[in-house]
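So the structure is just underneath, and the comments pick up after that.
Just so it is clear, the model here is predicted, and its values are computed rather than measured.
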Amino acid sequence: MKTKFTYALGMLLSGAIFMAGCSKNSEKSVTSAKADAMSKTQKVASAAAGTTIWGASSQPFPGETLGTGGNGPITSWQRLNRRLQTKNGGIGLKFRRSYDTGIPANFAASGMADDIGNSDVSVGEIKPDWVATANGTNFNQIKEYVQTFPAGRTIYLVFFHEPEDNVKTGYTFDVLQHAFAQFVTAVLAAGNPNVHPCYVLMSYTFKAASGRNPDNYNMGTYLTAAQKSQVIAGLDGYANDPTVSATQTFNANFNKMATWGFTRFGVFETGVHANTNPTDRKNWIVGLGTWVNSRTDIELVSYFNSGIGDNAGPTGWYLGNWYKNGTTFTWDDADGTIDAYAQLIK
């Protein structure tokens, strides 16, 4: 059993944490009792068992000026969605994945605000200070933020995706686990059954080459079974090498997360590298759909239509093929990846 402790208030954001007093079990009973009782009676507004919703995040092409007033991401997403609709009989993306830092003041101030009129579902994020979240300092701020969400709108809200690179002095595994428990409790306490708390780890964390112990990122450590049933356990994973299938990238990792007590899963970022054989790229996306359809517990999949991030290379993870000639950008589907992803959207 872990050493007993409690969080001291007023600690520095990146400072060391003073440990004393309170046990894991008593911590859980204090922070999650209300959400535990709520989650036992709360209806789950989500994809039906055996169905998956497909979406994407999207960014302008590198060097491209798109939209005005900072709305490049939604303009890029709309362009992608229109292209997918033409390939799929008018059926487009079910959601847009967006990102926020900190805790926005309200829904209108969040990255999800642009989703209104564009998609029925939003996948958003907050990135608050772990310590302030773990000790409950921002509990009401999180709860009140969720209470600004539009009634009836399905929202998947991520807590600090890919936290692995942020572990440091003061930001320990245990602080992260406590922070996520407080986040889940606050989201459920907001009383909106259409809002689903989520966490997202790197698939890389589950590889021996990462040097990490995945169990250190067991985000269910301080949650009750009832709370876990409300959580979407997520992964990000990419195909630098498209001969490594989606099954190989994700399946064993989700099975490991299931041993932590989670039953609902999602792929929050995925993509296949544009600098690869065109046929292999298309086949990887087809295989992604085959793997998802082989399971009944993958609630959502989001394609990372972007040139941002590690290993993106000069052309990124974008669906299709884009080219720049001076200040002019063209975009086609010569490799068939836009069509392949469109066929996954039901």
Side-chain angles (χ1 to χ4, degrees), residues 46 53-59 73 77 95-104 110-112 114-115 121-134 138 142 145-146 149 154-168 171-173 175-184 186-187 195-207 210 212 214 216-221 223 228 230-238 249-250 253-254 256-257 260 262 264-271 298-312 316-317:
S46 60
I53 58 173
W54 296 81
S57 61
S58 195
Q59 292 286 335
W77 185 93
F95 66 85
R96 185 175 75 99
R97 170 75 163 102
S98 63
Y99 303 82
D100 283 302
T101 58
I103 306 171
S110 76
M112 296 183 288
D114 286 333
D115 299 344
V121 177
S122 294
V123 179
E125 175 163 359
I126 63 171
K127 297 189 81 171
D129 175 59
W130 293 6
V131 173
T133 308
N138 59 19
I142 295 171
Y145 171 54
V146 173
F149 293 176
T154 298
I155 293 176
Y156 294 87
L157 187 63
V158 176
F159 177 85
F160 214 111
H161 89 287
E162 297 187 0
E164 294 94 327
D165 287 338
N166 296 88
V167 173
K168 58 185 179 182
Y171 269 33
T172 64
F173 303 126
V175 171
L176 173 63
Q177 292 165 342
H178 272 88
F180 185 69
Q182 288 276 21
F183 165 76
V184 171
V187 170
V195 181
H196 309 287
C198 313
Y199 72 90
V200 182
L201 302 178
M202 305 176 193
S203 287
Y204 178 69
T205 292
F206 295 78
K207 294 182 177 181
S210 73
R212 297 169 179 157
N216 288 334
Y217 300 92
N218 176 358
M219 303 297 274
T221 300
L223 297 177
K228 290 178 187 178
Q230 303 297 314
V231 169
I232 312 301
L235 288 171
D236 289 347
Y238 297 87
T249 301
F250 294 113
N253 304 340
F254 279 129
K256 172 65 175 178
M257 295 161 88
W260 300 337
F262 296 104
R264 301 166 64 189
F265 304 102
V267 176
F268 285 77
E269 288 181 10
T270 195
I298 307 298
E299 203 152 310
L300 63 92
V301 178
S302 183
Y303 194 89
F304 192 67
N305 195 58
S306 175
I308 298 172
D310 295 340
N311 305 310
W317 309 97

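- Although no hydrogens or angles enter the test, the distance criterion places a donor-acceptor pair under 3.5 Å between the side chain of Gln177 and the main chain of Asn216.
- With Ser210 contributing its side chain and Thr205 its backbone, the two residues share a donor-acceptor pair below 3.5 Å.
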Does Thr221 form a side chain to side chain contact (heavy atoms under 4.5 Å, CB included) with Phe180? I'd like the steps, not just the answer. CA-CA 9 Å; Thr221 300; Phe180 185 69; over 6 Å; no
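- In this structure, Tyr238 and Asn311 have side chains that are not in contact, with every pair of non-hydrogen atoms separated by 4.5 Å or more.
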Assess whether side chain to side chain contact (heavy atoms under 4.5 Å, CB included) is satisfied between Asp115 and Phe95, documenting all intermediate values. CA-CA 8 Å; Asp115 299 344; Phe95 66 85; over 6 Å; no
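- Rounded to the nearest 0.5 Å, atoms CG (Leu176) and OG1 (Thr133) are 10.0 Å apart.
- Checking side-chain atoms of Trp260 against main-chain N and O of Met219 turns up no donor-acceptor pair under 3.5 Å.
- No donor-acceptor pair closer than 3.5 Å links the side chain of Ser302 to the backbone N or O of Glu269.
- In this structure, CD1 in Ile142 is found 8.0 Å from CD in Gln182, a value given to the nearest 0.5 Å.
- A distance-only check finds no donor-acceptor pair linking the side chain of Gln59 to the backbone of Ile308 [under 3.5 Å].
- Partner of Leu235 under the side-chain contact (heavy atoms from CB on, under 4.5 Å) criterion, chosen from Phe268, Tyr199, Phe250, Phe265: Phe250.
- Shown here for Asn138 and Asp129, the closest heavy-atom pair between the two residues is ND2-O, 4.1 Å.
- For the side-chain contact (heavy atoms from CB on, under 4.5 Å) with Pro197, the qualifying choice from Leu223, Val158, Val146, Val184 is Val184, the only one to do so.
- Interatomic distance, Ile53 CD1 to Glu299 CD, rounded to the nearest 0.5 Å: 7.0 Å.
- With hydrogens and angles disregarded, no donor-acceptor distance shorter than 3.5 Å links the side chain of Ser58 to the backbone of Pro73.
- Remark: Arg97 qualifies as a cation-pi partner of Tyr99 under the 6.0 Å distance and 45° angle criteria applied to the six-membered ring.
- Of all heavy-atom pairs spanning Gly220 and Asn218, the tightest one is N-OD1, 2.9 Å.
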Side chain to side chain contact (heavy atoms under 4.5 Å, CB included) for Ile298 and Phe254? Distances and angles first, verdict last. CA-CA 9 Å; Ile298 307 298; Phe254 279 129; 4.0 Å; yes
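- Taking each heavy atom of Ala134 and His178 in turn, the nearest pair found is CB-CB, 3.9 Å.
- A donor-acceptor pair is defined here as one N or O able to donate and one able to accept, closer than 3.5 Å; such a pair exists between the side chain of Tyr171 and the backbone of Trp130.
- Between Phe183 and Phe159, the ring planes are tilted. Angles from 30° to 60° get that label.
- Here Lys207 contributes atom NZ and Met202 contributes atom CE; the two are 12.5 Å apart, rounded to the nearest 0.5 Å.
- Side chain of Ser122 to backbone of Gly124: no donor-acceptor contact under 3.5 angstrom is found.
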Report the C-alpha separation of Glu164 and Tyr204 in whole Å, then their side-chain angles, then the decisive distance to 0.1 Å, and conclude whether the side-chain hydrogen bond (donor to acceptor under 3.5 Å, both in side chains) test is met. CA-CA 10 Å; Glu164 294 94 327; Tyr204 178 69; over 6 Å; no
Could you go through the side chain to side chain contact (heavy atoms under 4.5 Å, CB included) check for Arg264 and Ile232 one step at a time? CA-CA 5 Å; Arg264 301 166 64 189; Ile232 312 301; 3.4 Å; yes
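- In this structure, the side chain of Tyr303 does not engage the main chain of Trp54 through any donor-acceptor pair within 3.5 Å.
- Going from atom CZ of Phe304 over to atom OG of Ser57 covers 5.0 Å, rounded to the nearest 0.5 Å.
- Residue Glu125 holds its CD atom at 10.0 Å from SG of Cys198, rounded to the nearest 0.5 Å.
- Of all heavy-atom pairs between Gly237 and Ser203, the closest is CA-OG, 3.9 Å.
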